[in-house]
Each structure stands twice: as structure tokens, then as C-alpha cells.
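Worksheet: the structure to be examined is printed underneath.
Just so you know, ligand 1 is whichever comes first in the structure, and atom 1 is the first atom listed for that ligand. Everything numeric here is computed off the predicted structure, so don't read it as measured data.
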Amino acid sequence: MGDATSFKDLGLANTREMFRKAMEGGYAVPAYNFNNLEQLQAILTGCAESNSPVILQVSSGARKYANQTLLRFMAMGGVQLVRDLGSNIPIALHLDHGDSFELAKDCIDSGFSSVMIDKSSLPFEENIEISKQVVEYAHARDVMVEAELGVLAGIEDDVQHEVSHYTKPEEVEEFVAKTNVDSLAISIGTSHGAYKFKVKPGEEPPPLRFDILEEVERTIPGFPIVLHGASSVMPEFVNMINEYGGKLGDTAGVSEEQLRRATKSAVCKVNIDSDGRLAMTGVIRKALAEKPDNFDPRKYLGPAREALKQLIIYKNEKVLGSAGKA
Ligand code: G3H
Ligand code: 13P
Ligand code: ZN
């Protein structure tokens, strides 16, 4: 296998055991995105302190922003940081929204323990074909593969779909059988980013399509399901951003109650990025506004990192149920 690095050499775990235990225990493993040092520190120390398994996610945008080689070494250093803290939590390194076989292969060869191949916007047969190709390469190296059926709306750096399409439960069994993927992301009403639902102030967002999730569970019992776009868009941080000069419009996220309900089902992995972005941005804006003479990045990135860490502990303990499950 040439110069390839196995995730095992980096001290990482794949998601097989994580998902098996999450399914059995009725909780979900958190998947948090990272792009920089402070996010990585917050995610890992937050998960170590709450004794939660964790999936570190890297998007194509993160690879471009932070440099793919540096990110991998950061993850490796992160494992050491956690072990130095005396924690033995399992840590997976996952490619978020991989859009080609080549990208997935590159990540697998450089030590990722899990990859997503997201070809959900292509016709069903093409999605099967590419997902299957990734699975064959990944499984030969004990790396797990997540694929997607149905499309989530949302505009972020590299994840851009204007309209969403719910997953069709009647397609799920054939897809899983033909591709042999290890987990499946489905579309049940969430979307990426901070504007998930169009609601007037004070109105509740519509509930997720639990009927679709239940139908999927009936079709492929015990199979790990992934929920993307699972930020709650916490008003505390949206308000903080707006109070200190930001201009966010009518944001809305997935309620914690809906997320708790999802974690009790076959949903084994929950993806959260936007909530962390909002928390860090709010705290940075506040720190800069309160100390306009400060020009030391540690004095605004430090509090932002701490806020993200507390948010992660909160999510693990109160929303996903992963705390204490490592
Ligand atoms: O689902 C997308 C993640 O939030 C990553 O976003 O492509 O802007 O890094 P990004
Ligand atoms: P949010 O935008 O809700 O944080 O979702 C993140 C995500 O799905 C990453 O893949
Ligand atoms: Zn996503």
C-alpha cells in the first residue's frame, strides 16, 4: 500500500465500535468540524472531560483553509493531547462531505479512519456506483464509509444545495445492500447553516420527519443513521453576535428536544458545526468590543475556545447523551 499511513498508526479509532455502542445505548456520537487549533483543542478537551467518544470532521473547505497535511498532524497531536490528559476516549478522523473517490482515497491514505462520500445529488445508480468504489478501497484498510440518500439544503463553503429532497425510504435497502456502506446520512428536514427553517420570530420550527426515519429503521433495522445539519442555532450566541455589531437575520435551528428524540433511534452520529461557529464568533465579538485596546489574539481566541469547549460538554451531556459513554 505504498507510503500510505493507517489511522491505527495515528492512534485513531474507526467508527464501528462507536456506532455499535451508540445503537445499543440509545445515544449518538458527536461529529464536530474543525478548521483550526482552537476548535480542535475545544472539541478534544470537551470530549475528554465529558468522557465522550468523538468524531473529528474535516471538510474540503477545512482542507483548503488549514492545509490538509497540517490538519492530519494536528489530529495526531490531538490524540496525544487527550492521552496526556489521562483520557482514553476513542477518536475518529472523518472526511465530511467528500465529493470524489480521489479525495476519499487521499484521506484514507493519509490516516483518516472514516470518510463520507456525498453523491446524493447524483442519480441513484451513480450514487451507488461511486459509494461502492469508495467502500471497496476503504474496507480493505478497515476504514468506514458514510454515504447519503436525499439532499440537504444549505449554503456553506463547499456544501451547496438550494433545495432539499427528503430521503425515499424505499431506496434505502437496495442502496445499502449494493454499496455495503457502514452508515447512511438521511434527509428528514434538517439543513446546513444557521438558517434552517423560515419561521417568524416566536414561532416554532416544523418538526423533523420522524415518519421517514421510522420507515428507514423498519427497512434496515440496526443500521447506523447519520443526521447532518443538526445545530440548534442557539439564541444565546445569535443574540451575542447581534449585540456586538453582527447582523444575523431570522435564524432557526433544530430544537434540542427533536435532537434528543433522534438520538434514541438508529441515529448514531450527529453533525454539528454551525453552533460552534456562532459561539466562537459571539465571544470574539464581545471580547474585542469590551477591550478595544487588545491586539493579542490569545485574549479573544482563548475565551472563544473556552466557550466552544463548554458548548461541547453541554451537547454531549444534555443533547446527544454521549457523555460518560467512552
Ligand atoms: O456540512 C458542512 C460543514 O458545516 C462544513 O462546512 O464546507 O464551510 O467547511 P464548510
Ligand atoms: P450544521 O450546519 O447544522 O452545524 O451541520 C453541520 C454538518 O452537517 C456538517 O456535515
Ligand atoms: Zn453535513
Exercise. Does a donor on one side chain and an acceptor on the other come within less than 3.5 Å for His228 and Glu146?
Worked result: yes
Problem set entry | Distance-only donor-acceptor check, side chains Gln57 and Lys269, under 3.5 Å | yes
Exercise. Do any nitrogen or oxygen atoms of Ser231 come within less than 3.5 Å of a nitrogen or oxygen of ligand 2?
Worked result: yes
Exercise. Side chains of Asn127 and Ser131: is there a donor and an acceptor less than 3.5 Å apart?
Worked result: yes
For this session: Check each heavy atom of Ala230 against ligand 2 and say whether those closer than 4.0 Å belong to the side chain, the backbone, both or neither.
Result: backbone
For this session: Return yes if a side-chain donor-acceptor contact under 3.5 Å exists between Asp182 and His139, otherwise no.
Result: yes
For this session: Would you mind running through ligand 2 and noting each atom that sits below 4.0 Å from a heavy atom of His228?
Result: 8 (O), 10 (O)
Problem set entry | Enumerated ligand 2 atoms positioned under 4.0 Å from heavy atoms of Ile272 | 4 (O)
Exercise. Which ligand 1 atoms, with their elements, are less than 4.0 angstrom from a heavy-atom of Asn33?
Worked result: 3 (C), 5 (C)
For this session: Mark up the atoms of ligand 2 that fall under 4.0 Å of a heavy atom belonging to His97, in ascending order.
Result: 10 (O)
For this session: For Glu170, look at atom CD and say whether over 12 heavy atoms of other residues, nucleotides or ligands are found less than 6.0 Å away.
Result: yes
Problem set entry | Side chain, backbone, both or neither: the part of Asn33 lying under 4.0 Å from ligand 2 by heavy atom | side chain
Exercise. For ligand 1, which atoms have a heavy atom of Asp96 less than 4.0 angstrom away?
Worked result: 1 (O), 2 (C), 3 (C)
Seminar exercise, completed: Sorted by chain and number, sequence neighbours left out, salt bridge (charged side-chain N to carboxylate O under 4.0 Å, His left out) with Glu256 holds for Arg260
Exercise. Do any heavy atoms of Arg277 fall under 4.0 Å from ligand 1?
Worked result: yes
Exercise. Where is the tightest heavy-atom contact between Ile272 and Asp275, given as atom of each residue plus distance?
Worked result: CG2-CB, 3.9 Å
Exercise. Of all the heavy atoms in Lys196, does at least one lie under 4.0 Å from an atom in ligand 2?
Worked result: yes
Seminar exercise, completed: If we number the atoms of ligand 1 from 1 as shown, the ones under 4.0 Å from a heavy atom of Asp273 are 3 (C), 4 (O), 5 (C), 6 (O)
Exercise. Going by distance alone, is a donor N or O of one side chain under 3.5 Å from an acceptor N or O of the other, for Asn316 and Ser50?
Worked result: yes
For this session: Would you mind listing which atoms of ligand 1 come within a distance below 4.0 Å of any non-hydrogen atom of His97?
Result: 1 (O), 2 (C)
Problem set entry | Geometric N/O contact His228 with ligand 1, under 3.5 angstrom | no
Exercise. Backbone or side chain, does any N or O of Ser59 fall under 3.5 Å from an N or O of ligand 1?
Worked result: yes
For this session: With sequence neighbours left out, write down each residue that passes salt bridge (charged side-chain N to carboxylate O under 4.0 Å, His left out) with Glu203, or none if nothing qualifies.
Result: none
Exercise. How many degrees, to 10°, between His97 NE2 and His192 NE2 as seen from the Zn ion (ligand 3)?
Worked result: 100°
Exercise. Can you name the N, O or S atom of His228 that is closest to the Zn ion (ligand 3)?
Worked result: ND1
For this session: Would you please say whether a donor-acceptor pair under 3.5 Å links the side chains of Asp211 and Tyr166?
Result: no
